[in-house]
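For ligands, and for the atoms within them, numbers begin at 1 and follow the listed sequence. Computed over heavy atoms, backbone and side chain alike; hydrogens, waters and symmetry mates excluded.
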Amino acid sequence: MHLTKEEEKMLSGKQGNAVKKSMEILVALGEIYGAKKLIDVSSVQIAGVSYHNLGDAGLDYLAELAKDGKARVLTTLNPAGMDLQDWKKLGINEEFAEKQRKVINAFRKMNVIVTCTCTPYLIGNLPRYGQHIAWSESSAVCFANSVIGARTNREGGPSSIASALTGKTPEYGLHLEENRQAQVLVKVKAKIDSVPKFGALGKVIGEKIKNKIPLIEGIENANMEELKSLCASIATFGGTALFHIKGITPNKTIKPKESIEVTNTEIDEAISKLSDAEEIDFVGIGCPHASIYEIKKIAEMLEGKKTKKDFWICTARQTKELADKMGYTDIIEGAGAKIAADTCMAVAPIKGRYKGMITDSAKACYYAAGHNNFKTRIRSLKECVEEAIK
Ligand code: F3S
């Protein structure tokens with residue numbers, strides 16, 4: 001792989017140990033994937049922030065990089081394992097909180113903006129069409145590539161940190177136009193008109209095509225909340241990092257020869273498979289992190305009501321602060337639900353805490369079952385709120 005003089009210097013260690021280590025990772029990746037050169041990135045988003053997933057080995061790695069590493073481009077973080085301010089209200093213990101604070105402090109020392117959200121595009125890390133970026137949260141990667149038209153591979157935690165500390169990524173995969181073309185035509189014959197149905201669609205398509213790039217036909221409309229749900233589930237159940245939807249997403253693509261169909265029956269089956277919980281004792285909204293519009297709708301539905309089950313609404317800190325200003329937090333928390341900022345129900349250490357979770361997110365169902373041993377039920381936001389107050 002060709003390196004510029006500046007990049008050679010970075011690799012030699014002349015710009016510090018963290019930059020050297022980062023360049024070693026990027027050069028190794030580039031060589032594995034046959035990249036010809038490194039390219040500049042305009043932003044980075046780092047996943048692998050929860051101490052629950054990092055453990056002490058991850059924390060030591062970050063502390064080492066933080067000795068002399070500084071982010072060179074706009075860099076934000078995925079959710080942490082707790083609300084960084086109100087962790088006690090989520091039942092997090094002091095020992096975990098202390099470790100999680102150390103993780104966040106290491107990132108802060110590296111000049112990373114400690115946003116802690118999987119929807120960076122809602123709170124100030126919004127690339128434009130065509131920009132090269134290095135993001136690692138799978139739902140955000142899919143949103144950036146598909147909905148915005150920016151260009152990123154699905155980075156791992158270490159490679160995204162390496163990009164933050166160097167401002168570079170190897171040019172391969174989805175950074176190249178020829179790798180962004182649709183490979184399967186997906187004819188949707190079902191009515192997809194709600195967040196859970198978009199989640200179910202992502203599950204059906206993801207399981208059928210794995211990590212191929214689909215061109216999806218037959219979707220009449222999709223709002224931001226529905227698209228973020230689709231991005232999360234198609235990446236979770238299939239592994240694709242880019243899709244095209246005719247008439248909705250901005251990237252140009254060829255029309256592939258291979259085609260499949262998605263029927264109403266398959267969508268109903270997917271919803272039923274994600275709904276094995278008989279008893280519900282937890283309501284989890286905000287996967288990916290809730291938008292201010294979703295929080296507004298929840299506040300309207302909860303006004304004057306009392307929740308009877310634990311109810312988390314996971315969101316970015318900045319979105320919560322807006323909800324505070326609008327009075328939504330008072331209404332929601334007055335009703336007994338909790339706005340869980342900086343974290344989510346998949347990365348918080350709550351394994352085994354609940355029997356059954358209701359949610360509007362297919363991805364949340366996947367992680368609740370796989371990581372936390374909860375049964376799940378997927379329903380509309382309205383039905384989730386109704387279940388909370390039942
Ligand atoms: Fe975000 Fe957590 Fe879901 S990181 S996409 S809310 S599993």
Less than 3.5 Å apart, any donor N or O on the side chain of Gln45 or Asn125 sitting next to an acceptor on the other? no
Can we say Glu266 and Lys208 salt-bridge, meaning some charged N sits less than 4.0 Å from an Asp/Glu carboxylate O? yes
Closest non-hydrogen atoms of Val195 and Ser229, given as atom of the first, atom of the second and distance, are O-OG, 3.2 Å
Residue and atom names of protein N/O/S atoms that fall under 2.8 Å from atom 1 (Fe) of ligand 1: Cys118 SG
Are a donor atom and an acceptor atom from the side chains of Asn211 and Thr240 found within less than 3.5 Å of each other? no
Taking atom types as modelled, is there a side-chain donor on Trp312 or Thr343 under 3.5 Å from an acceptor on the other? no
Using distance alone, with no hydrogens and no angle criterion, decide if Glu383 and Ser380 have a side-chain donor and acceptor under 3.5 Å apart. yes
